[in-house]
Amino acid sequence: MEWNELLIRYGELSLKGRNRNTFVRKLRNNIKEALRDLKTVVIKPERDRMFLIAEDQQDMKEAIARLPYIFGIQSFSPVAKCEASLDAIKEKALEVIGADETEGKTFKVEIRRTDKSFPLVTGELQQEIGGHVLRHFPELIVKMKKPDILLHVEIREEGAFLTAKVYEGAGGMPVGSNGHSMLMLSGGIDSPVAGYLMMKRGVSIDAIHFASPPFTSELAKKKVMDLAEKLSTFGAAVRLHIIPFTEIQQMIVTQVPDNVSMTTTRRLMLQIADKVRQEEGALAIVTGESLGQVASQTLESLTAINAVTETPILRPLIAADKLEIIQIAQKIGTYDISIQPYEDCCTIFSPSNPKTKPRLEKVVYYESFSDFAPLVEEAVKNRETVQLPLQQEDAFEDLL
């Protein structure tokens, strides 16, 4: 079956008022970015829907495969076009219905006649087209409310347009429509899910990762790049900032008591993330913390960590349990990447008996014996920034 265009429905965007056009433009740009390598694709936005046209059928198939991952799309349907004549519409209806399984399915015809000069009115068209379909697909059962197959026929001056199959979209808001934030991306299961959930609410992200070579490997770095690239499939490119963290971690190990070293580590990471945030013009910092999951994620620990900044810290997973987080990770395709056995710097330098209720004044006291500020500035200055997604031929260039 060849499709002439895709009808894209906005969903939540339809509730927007005077600023709806801003959200629609952002969605159009995100779709264009996600399909930038499909040369024949043309996107035509309208107030309540959007059309995607592709001359090449392979481009059309690839667009159908990618659109479900782009935030801001509620659903979309492939559209077949034919001449605006009753006979042509009947025959095209058989092609559209026959493109999917019909056994045991319920069915209804819905007509939209924007060309009022068409000789038949809506009721007559429903009877003619519905009867023709049922004669060729007698296994279908007519159902007026919530049928399995809704054959929608729109008659315009330039032709008739038919749809039947509905693909679910990712929902949410177009990425970038609700500001920009920094995501602290560790390489574990939680932080990519946190990034995904913020992107779903329209927040574009830069990711920041802390690497401690030679204690962390190039494979661990590649793993985080893969996670960031996976996040970039949801409608917007992602920049990954890789922070050299070895000297800072070594100073923490030698200067700070072992049982509060993780708290200090997180505090310094947050300070660095905040400085990168300022340089990149982001408004908030996103983390994958879930309350009580580990020692650094108790209320006492989070309070001590938060004290280094007044920047909003967004924690979309704060009330989620691990199984819920894993289910989302599996759904969005980050789980298999996250469980690759390449450890990040927090795992390698994790203390054996961390405090679960650190006192802020004690942590500050222990940190006062060391001057971390120059190392923090140096780490920010010497960060490596990678734009994702990468071109396929460049993805492994630095690792060979």
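Everything numeric here is computed off the predicted structure, so don't read it as measured data.
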Say you draw a straight line from [atom1] of [X] to [atom2] of [Y]; how long is it, rounded to the nearest 0.5 Å?
{"X": "H180", "Y": "S204", "atom1": "NE2", "atom2": "OG", "answer": "5.0 Å"}
{"X": "T356", "Y": "M262", "atom1": "OG1", "atom2": "CE", "answer": "13.5 Å"}
{"X": "K223", "Y": "T216", "atom1": "NZ", "atom2": "OG1", "answer": "11.5 Å"}
{"X": "Y342", "Y": "L219", "atom1": "OH", "atom2": "CG", "answer": "4.5 Å"}
{"X": "T246", "Y": "Q250", "atom1": "OG1", "atom2": "CD", "answer": "6.5 Å"}
{"X": "D148", "Y": "E101", "atom1": "CG", "atom2": "CD", "answer": "11.0 Å"}

[X] and [Y] ion-paired at < 4.0 Å:
{"X": "D87", "Y": "K92", "result": "no"}
{"X": "K116", "Y": "E157", "result": "no"}
{"X": "K381", "Y": "E378", "result": "no"}
{"X": "E367", "Y": "R267", "result": "yes"}
{"X": "D226", "Y": "K222", "result": "yes"}
{"X": "R383", "Y": "E279", "result": "yes"}

If you look at every heavy atom in [X] and [Y], which pair is closest and at what distance?
{"X": "A228", "Y": "L388", "result": "CB-CD1, 3.1 Å"}
{"X": "L94", "Y": "V133", "result": "CD2-CA, 3.9 Å"}
{"X": "I248", "Y": "F372", "result": "O-CE2, 4.3 Å"}

Between Y69 and Y196, ring centroids under 6.0 Å: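 No: the rings miss the under 6.0 Å criterion.
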With sequence neighbours left out, which residue pairs that include part of [range] fulfil the salt bridge (Lys or Arg N to Asp or Glu O under 4.0 Å) condition?
{"range": "residues 118-144", "answer": "K90-E128"}
{"range": "residues 235-260", "answer": "D206-R239, R239-E280"}
{"range": "residues 320-347", "answer": "D190-K322"}
{"range": "residues 291-320", "answer": "E289-R315"}

Are [X] and [Y] in one and the same hydrophobic cluster, where Ile, Leu, Val, Met, Phe, Trp and Tyr link if side-chain heavy atoms are under 4.5 Å apart?
{"X": "M173", "Y": "I8", "value": "yes"}
{"X": "M182", "Y": "V386", "value": "no"}
{"X": "V79", "Y": "F118", "value": "no"}
{"X": "I313", "Y": "I205", "value": "no"}
{"X": "Y10", "Y": "L6", "value": "yes"}

[X] side-chain N/O to [Y] backbone N/O, donor-acceptor pair under 3.5 Å:
{"X": "R9", "Y": "R49", "value": "no"}
{"X": "N30", "Y": "I70", "value": "no"}
{"X": "H209", "Y": "L185", "value": "yes"}
{"X": "T233", "Y": "E229", "value": "no"}
{"X": "D274", "Y": "L270", "value": "no"}
{"X": "Q57", "Y": "W3", "value": "yes"}
{"X": "T106", "Y": "P147", "value": "no"}
{"X": "Q126", "Y": "V109", "value": "yes"}
{"X": "T309", "Y": "T311", "value": "yes"}
{"X": "D56", "Y": "T40", "value": "no"}

Quick check on [X]: does its [atom1] atom have over 12 non-hydrogen neighbours (other residues, nucleotides or ligands) under 6.0 Å away?
{"X": "E55", "atom1": "CD", "answer": "no"}
{"X": "R66", "atom1": "CZ", "answer": "yes"}
{"X": "E2", "atom1": "CD", "answer": "no"}
{"X": "K275", "atom1": "NZ", "answer": "no"}

side-chain contact (heavy atoms from CB on, under 4.5 Å) assessment of M50 paired with R28: CA-CA 8 Å; M50 187 178 293; R28 178 189 179 276; 4.0 Å; yes
L375/Q249 under side-chain contact (heavy atoms from CB on, under 4.5 Å): CA gap, chis, key distance, verdict: CA-CA 10 Å; L375 293 181; Q249 282 206 285; over 6 Å; no
Pairing residues for S301 by the side-chain hydrogen bond (donor to acceptor under 3.5 Å, both in side chains) criterion, not counting sequence neighbours: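 For S301 the side-chain hydrogen bond (donor to acceptor under 3.5 Å, both in side chains) partners, ignoring immediate neighbours, are T298.
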side-chain contact (heavy atoms from CB on, under 4.5 Å) between M184 and S191, intermediate numbers included: CA-CA 7 Å; M184 296 180 71; S191 54; over 6 Å; no
Mutual orientation of the aromatic rings belonging to Y365 and F369 [parallel < 30°, tilted 30-60°, perpendicular > 60°]: perpendicular
Which residues end up grouped with [X] if you chain together Ile, Leu, Val, Met, Phe, Trp and Tyr wherever their side-chain heavy atoms are less than 4.5 Å apart?
{"X": "L302", "answer": "L291, L299, I318"}
{"X": "L323", "answer": "none"}
{"X": "L360", "answer": "V364"}

Residue pair R112 / T122, side-chain heavy-atom distance below 4.5 Å: no
Within-4.5 Å side-chain heavy-atom neighbours: S261 and V253: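 Not touching, per the 4.5 Å side-chain cut-off.
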Pairs where residues 235-279 contributes a residue and the test ring pair (Phe, Tyr, Trp, His ring centres under 6.0 Å) is met, not counting sequence neighbours: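 Listed by first then second residue: F210-F245.
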Pair listing, ring pair (Phe, Tyr, Trp, His ring centres under 6.0 Å) test, anchored in residues 279-299, at least two apart: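 As it turns out, there is no ring pair (Phe, Tyr, Trp, His ring centres under 6.0 Å) pair with a partner in residues 279-299 once direct neighbours are skipped.
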Within 45° cone of F51 ring axis and under 6.0 Å: R156 NZ or CZ: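 Yes, R156 sits over the ring of F51.
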Test log, rule side-chain contact (heavy atoms from CB on, under 4.5 Å), inputs L231 and L227: CA-CA 6 Å; L231 290 175; L227 288 171; 5.8 Å; no
Residue pair E384, K221: steps toward the salt bridge (charged side-chain N to carboxylate O under 4.0 Å, His left out) verdict: CA-CA 11 Å; E384 175 189 359; K221 175 181 171 181; 2.9 Å; yes
Selection residues 159-177 - residue pairs positive for side-chain hydrogen bond (donor to acceptor under 3.5 Å, both in side chains), sequence neighbours left out: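 Sorted pair list comes back empty.
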Test side chain to side chain contact (heavy atoms under 4.5 Å, CB included) applied to P68 - qualifying residues, sequence neighbours left out: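 With sequence neighbours excluded, P68 shows a side chain to side chain contact (heavy atoms under 4.5 Å, CB included) to F76, given in chain and number order.
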